[in-house]
Amino acid sequence: MVTIFHNPRCGKSRECLAFLDQSKEEIKVVNYLVNPPTYEDLRAIIQLLQIKPIELVRQKESIWISDFKNKSMSDTEVIQAMVQNPILIERPIVINGNKAVIARPYDKAKAIL
């Protein structure tokens with residue numbers, strides 16, 4: 001089963017979901033703004049993505065700019081900021097087994113299907 005962490009208000013996320021709908025894969029859609037991931041979930045996702053936590057942050061979001069920009073933060077603090085403010089999580093994230101991508105553009109998801 002392929003999981004997509006999706007924001008229905010985001011055009012890129014909608015494009016990716018439409019792409020996944022055309023695949024033959026079973027899809028689990030997680031609206032992460034309604035059902036935000038836990039700290040442990042995010043840590044696991046970051047490990048699958050093989051990135052640093054800051055690379056998953058939408059650094060142009062107003063809450064990031066007002067509350068976190070230019071602060072020295074540990075990886076734990078960055079993840080905690082995303083847990084408390086899920087709008088900061090880059091999207092869409094597509095997970096298939098032990099592989100994951102930030103599907104921007106959506107066709108990056110092809111690599112893990």
- Message: Between R14 (side chain only) and P8 (backbone N and O only), is there a donor and an acceptor less than 3.5 Å apart?
- Response: yes

- Message: I'd like to know if I102 and V83 are part of one continuous hydrophobic network [Ile/Leu/Val/Met/Phe/Trp/Tyr, side-chain heavy atoms within less than 4.5 Å].
- Response: yes

- Minimum heavy-atom distance A100-L48, with the two atoms named: CB-CB, 3.7 Å

- Report whether I51 and Y39 are members of the same hydrophobic cluster (ILVMFWY, side-chain heavy atoms less than 4.5 Å apart, transitive linking). yes

- Task: Flag the pair E61 and R58 as a salt bridge only when some basic side-chain nitrogen lies within less than 4.0 angstrom of an acidic carboxylate oxygen.
- Result: yes

- Query: Checking side chain to side chain contact (heavy atoms under 4.5 Å, CB included) for the pair I95/V2: CA distance, chi angles, key distance, verdict?
  - Reply: CA-CA 6 Å; I95 301 171; V2 174; over 6 Å; no

- Message: Show, in sequence, the C-alpha distance, side-chain angles and deciding distance for Y106 and K12, and conclude whether the side chain to side chain contact (heavy atoms under 4.5 Å, CB included) test is met.
- Response: CA-CA 7 Å; Y106 69 86; K12 298 288 185 196; over 6 Å; no

- Task: Find out if a path of hydrophobic residues (ILVMFWY) with successive side-chain heavy-atom gaps under 4.5 Å connects V30 to L20.
- Result: no

- Atom NZ in K52, atom CG in D75: separation rounded to 0.5 Å? 6.5 Å

- Query: Do V29 and F5 pass the side chain to side chain contact (heavy atoms under 4.5 Å, CB included) test, and can you show the C-alpha distance, the side-chain angles, and the key distance before you say yes or no?
  - Reply: CA-CA 6 Å; V29 179; F5 283 80; over 6 Å; no

- Task: Looking only at non-hydrogen atoms, find the nearest pair between C16 and I4 and report the distance.
- Result: SG-CD1, 3.9 Å

- Do the non-hydrogen side-chain atoms of I89 and P37 ever get within less than 4.5 Å of each other? yes

- Correct closest heavy-atom pair for V78 and V57 would be CG1-CG2, 3.6 Å

- Item | Exercise: identify the closest heavy-atom pair between I63 and S66 | O-OG, 3.4 Å

- Item | Separation between OG1 of T38 and CZ of R43, rounded to the nearest 0.5 Å | 9.5 Å

- Answer yes or no: are there more than 12 heavy-atom neighbours, outside F19 itself, under 6.0 Å from its atom CZ? yes

- Quick one: do E90 and R104 satisfy side chain to side chain contact (heavy atoms under 4.5 Å, CB included)? Show the steps, please. CA-CA 9 Å; E90 188 60 82; R104 293 179 75 91; 3.2 Å; yes

- ring-ring contact (aromatic ring centres under 6.0 Å, His included) with Y32: which residues, sequence neighbours excluded? none

- Can you see which heavy atom on M82 is nearest to which on P53, and at what distance? CE-O, 3.7 Å

- Looking at CD1 of I27 and CG of D21, how far apart are the two atoms once the value is rounded to the nearest 0.5 Å? 4.5 Å

- Message: Looking at R9, is its backbone amide N or carbonyl O close enough to the side chain of N7 to form a donor-acceptor pair, meaning the two atoms are under 3.5 Å apart?
- Response: yes

- Message: Do L56 and I93 make a side-chain contact, defined as non-hydrogen atoms from C-beta onward lying under 4.5 Å apart?
- Response: yes

- Atom OG1 of T3 and atom CD of E26: how far apart are they, to the nearest 0.5 Å? 9.5 Å

- Query: Is it the case that one hydrophobic cluster holds both I112 and L49, taking links as side-chain heavy atoms less than 4.5 Å apart, direct or via other members?
  - Reply: no

- Message: Just verifying a value: how many Å separate C10 SG and L33 CG, rounded to the nearest 0.5 Å?
- Response: 10.0 Å

- Item | For the student: nearest non-hydrogen atoms of A103 and K108, plus distance | CA-CB, 4.2 Å

- Is there a chain of hydrophobic side chains (I, L, V, M, F, W, Y, each step under 4.5 Å between heavy atoms) that links F68 to I79? yes

